[in-house]
Amino acid sequence: MSVAGTLAETWLLLDRKPDVVVLDLMLPDGDGIEVLKKVRREKIAVRVAVTTGSEDSDRVEAVRALGPDLFL
């Protein structure tokens, strides 16, 4: 198991082809939604569980539109 605390670290870990990514949208150096966009755009074979405390309905809908495997 590996843990990335930043968007930059996440890009590096995606190269290791993990089975699952538990993704927080609020990262200190960027927006976690960019990870989900890349995974879907590049058809990376990984399950993505997204967590957020955001109450912004537009943001929530943007995430849902990208089809995370789980959204908390």
Side-chain angles (χ1 to χ4, degrees):
M1 180 176 84
S2 298
V3 177
T6 66
L7 194 56
E9 292 171 355
T10 303
W11 300 137
L12 296 174
L13 290 178
L14 276 178
D15 290 339
R16 295 185 187 175
K17 307 213 183 308
D19 295 319
V20 176
V21 172
V22 178
L23 179 63
D24 188 344
L25 296 181
M26 307 295 258
L27 297 171
D29 62 339
D31 191 338
I33 198 170
E34 294 305 317
V35 175
L36 184 55
K37 286 179 181 178
K38 177 182 175 102
V39 165
R40 296 304 184 236
R41 181 179 59 247
E42 297 183 12
K43 297 180 177 31
I44 298 171
V46 62
R47 291 180 168 234
V48 180
V50 175
T51 66
T52 185
S54 176
E55 295 180 11
D56 180 340
S57 60
D58 291 335
R59 184 171 173 78
V60 168
E61 287 308 311
V63 172
R64 287 184 194 273
L66 291 169
D69 296 286
L70 180 65
F71 187 52
L72 303 169

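The basis for the numbers below is simple: all heavy atoms, side chains too, and nothing from hydrogens, waters or symmetry mates.
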Test side-chain contact (heavy atoms from CB on, under 4.5 Å) on Leu70 and Val50 and set out the steps. CA-CA 6 Å; Leu70 180 65; Val50 175; over 6 Å; no
Taking every heavy atom of Gly5 against every heavy atom of Pro28, the minimum-distance pair comes out as O-CD, 3.2 Å
**Prompt:** Taking the side chain as C-beta and beyond, is there a heavy-atom pair between Pro68 and Val63 under 4.5 Å?
**Reply:** yes
Rounded to the nearest 0.5 Å, the OG1 atom of Thr10 sits from the CG atom of Asp15 at a distance of 11.5 Å
Query - Sidechain-backbone polar pair: Glu61 side chain, Ser57 backbone, donor-acceptor under 3.5 Å - result: no
Report task. Check for a donor-acceptor pair, side chain of Asp24 on one end and backbone N or O of Thr52 on the other, with a separation under 3.5 Å. Result -> no
- Query: Where do Thr51 and Leu25 land on the side-chain contact (heavy atoms from CB on, under 4.5 Å) test, with the steps shown first?
  - Reply: CA-CA 7 Å; Thr51 66; Leu25 296 181; over 6 Å; no
Hey, are the side chains of Val20 and Asp69 touching, using non-hydrogen atoms and a 4.5 Å cut-off? no
key: Min side-chain heavy-atom separation Lys17-Val46 under 4.5 Å   = no
Looking at Arg47 and Val21, would you say the former's side chain and the latter's main chain have a donor-acceptor pair under 3.5 Å?
no
Common cluster, Leu13/Ile44, ILVMFWY with side-chain heavy-atom separation under 4.5 Å: no
Just wondering, more than 12 heavy atoms not from Glu42 lying within 6.0 Å of its CD?
yes
* Just by distance, do the side chain of Asp29 and the backbone of Thr6 share a donor-acceptor pair under 3.5 Å? -> no
Between Arg59 and Asp31 (salt bridge meaning N to carboxylate O under 4.0 Å), is one present in this structure? yes
Of all heavy-atom pairs linking Arg16 and Ser2, the shortest is NH1-OG, 3.0 Å
The reported gap from CZ in Arg40 to NZ in Lys37 (rounded to nearest 0.5 angstrom) is 13.5 Å
(message) Count I, L, V, M, F, W, Y as connected when their side-chain heavy atoms are under 4.5 Å apart, and connections chain through other members. Are Trp11 and Val48 then in the same cluster?
(response) yes
Smallest heavy-atom separation, Leu14 atom then Lys38 atom, equals CD1-CD, 4.3 Å
| message | Counting only heavy atoms not in Asp19 (residues, nucleotides, ligands), do more than 12 fall under 6.0 Å from its CG? | response | no
